[in-house]
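Below: the structure, in structure tokens.
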Amino acid sequence: RTWKSLIEELKAVRASSGAGVFLDVKLHDIPATVEGAARALRNLGPAMLTVHTSGGRAMLEAAVRGAGPDVRVLGVTRLTSLQASADEVCELARLAREAGCGGIVCSGAEAAAVRKAIGPQLAIVCPGVRPAGGDAGDQARVVTPTAAIAAGADYVVCGRPIRDAADPL
């Protein structure tokens, strides 16, 4: 199966359910390359795609240009598998906002501080979400879905606990 066929299948589900496709590709390269990649990905029709904020403002702005007005670019602050301070994550979130990103990705552990730093306009996506008592795996900063939402998350990413469940449904 190709990426394109998978995304087309997901878009068909979206049409019937209203759900969007989230491409967590974490683009990170020189601005021209990221702009071209975002433009190519835009043609697949995702609702959101990710780019690393550590690539800097010019790269983030290029991603936003390439993605166009119909794709929300999310700036990934620090991976949840790494330690990070709230100050560091907030600074990267502000950079994403200034570059025109439509949202940021951060741990639920920093979501409240980030919401205060960037305001209500940008979406906050929190990965590394685990049920209470769940295995953190390789994640350094995890929270429960309830804690992430209470902290200001608009979306939570809870992949492995569902994927690895005995009965994912």
Item to check | Full working for side-chain contact (heavy atoms from CB on, under 4.5 Å) between Leu41 and Val25 | outcome: CA-CA 10 Å; Leu41 293 168; Val25 292; 3.8 Å; yes
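- Using a distance-only test at 3.5 Å, with no hydrogens or angles considered, a donor-acceptor pair links the side chain of Arg130 to the main chain of Asp135.
- Remark: Ile124 CD1 to Ile149 CD1 distance equals 12.5 Å, nearest 0.5 Å.
- Two residues are said to be in side-chain contact when any heavy atoms from C-beta on lie closer than 4.5 Å; Asp154 and Arg115 meet this criterion.
- Between Arg72 and Ala123, the closest heavy-atom pair is NH1-CB, 2.8 Å.
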Item to check | Working for salt bridge (Lys or Arg N to Asp or Glu O under 4.0 Å), residues Arg141 and Glu110 | outcome: CA-CA 9 Å; Arg141 299 175 351 264; Glu110 295 94 35; 2.9 Å; yes
Item to check | Derivation and outcome, side-chain contact (heavy atoms from CB on, under 4.5 Å), residues Leu79 and His52 | outcome: CA-CA 9 Å; Leu79 298 175; His52 277 286; 3.9 Å; yes
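- A continuous path of ILVMFWY side-chain contacts below 4.5 Å connects Leu49 to Leu95, so both sit in one hydrophobic cluster.
- Between the side chain of Thr77 and the main chain of Val105, a donor-acceptor pair closer than 3.5 Å is present.
- Taking every heavy atom of both residues into account, Val114 and Ala93 meet most closely at CG1-CB, 3.8 Å.
- Of all heavy-atom pairs between Cys158 and Pro161, the closest is SG-CG, 3.9 Å.
- Salt-bridge check for Arg39 with Glu35: passed, with a basic side-chain N closer than 4.0 Å to an acidic carboxylate O.
- In the hydrophobic clustering of this structure, Leu44 groups with Val71; members are Ile, Leu, Val, Met, Phe, Trp, Tyr whose side-chain heavy atoms approach within less than 4.5 Å, directly or through other members.
- The distance from atom CZ of Arg42 to atom CG of Leu23, rounded to the nearest 0.5 Å, is 13.5 Å.
- Under the 4.5 Å side-chain heavy-atom criterion for ILVMFWY residues, no single connected hydrophobic cluster contains both Val157 and Val129.
- Note that CD of Gln139 and CG of Leu82 are 9.0 Å apart. Values are rounded to the nearest 0.5 Å.
- Contact detail for Ala38 and Ala63: the closest heavy-atom pair is CB-O, 3.5 Å.
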Next on the checklist: Would Asp138 and Arg160 count as a side-chain contact (heavy atoms from CB on, under 4.5 Å) here? Give the steps.
Outcome noted: CA-CA 11 Å; Asp138 60 356; Arg160 273 184 251 171; 2.8 Å; yes
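- Distance alone, capped at 3.5 Å, is enough to place a donor-acceptor pair between the Arg97 side chain and the Ala117 backbone.
- When side chains are defined from C-beta on, Cys101 does not count as touching Leu74, because their heavy atoms never get closer than 4.5 Å.
- Hydrophobic clustering (side-chain heavy atoms under 4.5 Å, transitive across Ile, Leu, Val, Met, Phe, Trp, Tyr) keeps Val51 apart from Val125.
- A chain of hydrophobic side-chain contacts below 4.5 Å, direct or via other Ile, Leu, Val, Met, Phe, Trp or Tyr residues, connects Met59 to Leu27.
- Ser54 has its side chain within reach of Arg78: a pair of non-hydrogen atoms, C-beta onward, lies under 4.5 Å apart.
- Taking both residues in full, the closest heavy atoms of Ala148 and Val143 are given as CB-CG2, 3.7 Å, listed atom of the first, atom of the second, then distance.
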Item to check | Derivation of the side-chain contact (heavy atoms from CB on, under 4.5 Å) call for Leu60 and Val73 | outcome: CA-CA 9 Å; Leu60 294 170; Val73 174; 5.7 Å; no
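- Distance check: Ser107 OG to Gln83 CD gives 9.5 Å after rounding to the nearest 0.5 Å.
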